[in-house]
2 protein chains.
Amino acid sequence: MARNKYPEETVEKILDVSTRLFMENGYDQTSIQDIIDQLGGLSKGAIYHHFKSKADILLAIVDRVSAGKAEEMQAIVADATLTGAAKLRQMFLSSFKDSTQRELIASMPNLVKNPQLLSLHLSNTIEDVVPHYILPVIQEGIDDGSIQCDYPQEMADVLMLLTNVWLNPLIYPATQEGIRRKIALFNQILASLGFPTLEAGLDEHIQLVGEKMSRLQNKDVLDTLEVHLL
Amino acid sequence: MARNKYPEETVEKILDVSTRLFMENGYDQTSIQDIIDQLGGLSKGAIYHHFKSKADILLAIVDRVSAGKAEEMQAIVADATLTGAAKLRQMFLSSFKDSTQRELIASMPNLVKNPQLLSLHLSNTIEDVVPHYILPVIQEGIDDGSIQCDYPQEMADVLMLLTNVWLNPLIYPATQEGIRRKIALFNQILASLGFPTLEAGLDEHIQLVGEKMSRLQNKDVLDTLEVHLL
DNA sequence: ATTTATAATACCGACTGACGGTATGTATTG
DNA sequence: CAATACATACCGTCAGTCGGTATTATAAAT
């Protein structure tokens with residue numbers, strides 16, 4: 001294909017196609033050739049000019065997604081009108097309603113069956129989200145009296161593990177009723193530990209996830225890991 | 001190499017070598033040839049006679065490990081002298097002191113950097129441990145009055161996520177002091193939700209993990225995922 | 001301002017080496 | 001003599017490389 005005057009467009013195109021394929025078929029099950037085939041005339045040389053390896057593409061994808069998330073989080077952290085507790089609640093809600101994640105969910109059958117992505121998701125949670133966003137906000141909540149907590153670091157870990165993993169329907173598939181029960185228990189845990197609970201505003205989220213999940217159950221993709229591993 | 005009269009020995013040998021290599025270098029970074037090289041005369045034909053694929057080796061490894069775990073768990077579940085709460089406490093303790101896991105820990109730098117193993121670990125937790133061991137015992141505890149719980153299924157998920165993931169030093173690296181704080185918070189959560197807490201008997205575990213972790217920190221293996229991904 | 005020379009970038013596509021897996025053959029056991 | 005336990009040469013596929021070409025950016029010279 002002819003050379004593009006604006007190479008960022010090519011980069012975006014590669015990332016778009018790769019994202020879709022990685023989500024739909026998994027990282028291992030997507031070959032560079034698969035990506036090329038959907039690129040509309042671009043060749044292997046183009047890919048390896050812009051990315052130094054297949055893994056590098058995956059990392060760029062994750063970076064692009066987390067950049068969007070980080071922006072939302074930053075906005076909440078910076079809002080001086082909110083207490084620490086209020087910020088934390090906002091962050092929970094925003095992570096549920098995350099529009100980027102919405103789109104990803106739509107094309108991904110099950111994150112547990114995409115080991116590379118699962119690992120990156122978890123290590124991003126541990127090494128990035130907790131220390132840069134959650135922990136500071138909890139500390140703020142303790143200082144302004146809106147949160148009681150003896151072990152901030154550890155609570156930050158637990159909260160993110162619950163929201164990003166357990167409440168993630170891509171990892172723990174759940175029905176609408178199941179999600180309702182999870183949120184109820186999550187609130188119970190929060191309350192008993194001196195944290196602010198989630199209230200309304202989640203109905204839309206619950207319904208969307210429920211629909212997605214019932215659609216998935218029809219296409220029996222919820223079997224064991226062997227599917228994607230073999 | 002000459003044909004072995006007792007082929008199970010060959011199978012075990014292949015599993016032993018593969019386990020070590022997968023733990024040390026990761027699944028993707030270990031080639032069949034690497035395994036052959038450490039097998040002492042055995043060839044590719046031997047491997048593919050006993051296992052139908054590389055992934056099949058990994059599954060056999062996981063099966064062997066979980067078989068050992070399952071046995072321990074079954075013994076606790078079957079003990080008629082214990083209440084549900086006591087059984088659950090026993091299961092927590094046994095999972096901490098698991099001797100098989102001990103050996104694995106010794107050769108694995110970080111589970112998050114071994115995506116395939118992490119996925120299998122998590123999906124094993126979700127699809128096997130929770131429904132077959134934890135949930136029935138919680139139910140038993142509710143029936144005999146030793147546990148109070150409104151959402152047994154959800155609590156089973158949360159408890160296993162915390163013990164198998166958050167309290168797993170291979171996933172969440174921690175110092176001795178860090179582990180102490182985690183266990184303290186874990187107890188706080190358990191207590192506030194009507195569950196039995198962990199008490200003594202963990203000091204040895206804490207010390208062992210602490211030593212392992214400080215040894216790891218010296219060999220800077222605790223960097224980002226890219227290491228193993230690239 | 002236009003041309004011209006040069007360098008840097010964007011991309012192509014044939015090729016390579018390594019890998020997982022297969023096929024066929026052979027020796028040993030039952 | 002049938003089934004099993006291997007050995008080994010071979011195959012297809014894949015990620016990644018490399019030399020090449022065409023396009024654009026840079027900037028000096030006219």
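Because the structure is predicted, anything quoted here is derived from the model rather than measured.
- Side-chain atoms of A/Thr125 and A/Asn164 include a donor-acceptor pair closer than 3.5 Å.
- Defined by atom type and a distance below 3.5 Å, a donor-acceptor pair is missing between the side-chain atoms of B/Gln153 and A/Arg181.
- Straight-line distance from the CD atom of A/Gln33 to the P atom of C/dC12: 12 Å, rounded to whole Å.
- Nearer to the 5' terminus of DNA chain D, by closest-nucleotide assignment, is the contact made by B/Ala46 (compared with the other of B/Ala46 and A/Lys5).
- The side chain of B/Pro7 approaches D/dA5 more closely than any other nucleotide in the set D/dA15, C/dC11, D/dA5.
- Between B/Thr10 and the phosphate of D/dC6, there is a side-chain N or O to OP1/OP2 separation shorter than 4.0 Å.
- Side-chain nitrogen and oxygen atoms of B/His50 include none within less than 4.0 Å of the OP1 or OP2 phosphate oxygen of D/dT4.
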Give the B/S/- string for nucleotides 23-28 of chain C, one per nucleotide from 5' to 3', where a protein heavy atom under 4.0 Å of the base yields B, of only the sugar-phosphate yields S, and otherwise -. ----BB

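- Side chains of B/Asp37 and B/Gln33: a donor-acceptor N/O pair is present below 3.5 angstrom, by distance only.
- The side chain of B/Lys44 approaches C/dT22 more closely than any other nucleotide in the set C/dT22, D/dG16, D/dC6.
- Here C/dG21 is the nucleotide among C/dA10, C/dG21, D/dA5 with the atom lying nearest to any side-chain atom of B/Ser53.
- At whole-Å resolution of the value, NZ in A/Lys54 and C1' in D/dC14 are 8 Å apart.
- OP1 or OP2 of D/dA5 lies within a sub-4.0 Å distance of a side-chain N or O belonging to B/His49.
- When the P atom of D/dA15 is taken as reference, atom CG of B/Asp28 falls 12 Å away, rounded to whole Å.
- For the side chain to side chain contact (heavy atoms under 4.5 Å, CB included) criterion with B/Ile126, the lone passing option out of B/Asn124, B/Leu122, B/Asp128 is B/Leu122.
- The separation between A/Leu21 atom CG and D/dA15 atom P is 12 Å, rounded to whole Å.
- Here C/dC12 presents its P atom at 13 Å from CG of A/Asp37, a figure rounded to the nearest Å.
- Residue contacts shown for B/Ser43 include a base, since a base heavy atom lies under 4.0 Å away.
- Distance A/Asn4 CG to D/dA25 C1': 15 Å, rounded to the nearest Å.
- Remark: the A/Asp28 side chain and the B/Gln116 side chain contain an N/O donor-acceptor pair separated by less than 3.5 Å.
- Taking atom CG of B/Asn25 as the reference point, atom P of C/dC19 lies 13 Å away to the nearest angstrom.
- The number of heavy-atom neighbours closer than 6.0 Å to CD of B/Glu8, taken from other residues, nucleotides and ligands shown, is above 12.
- At least one cation-pi condition fails for B/Lys54 and B/Tyr48: the charged atom is not both under 6.0 angstrom from the six-membered ring centre and inside a 45 degree cone around its axis.
- One atom, CG of B/Asp56, and another, P of C/dG20, lie 14 Å apart when rounded to the nearest Å.
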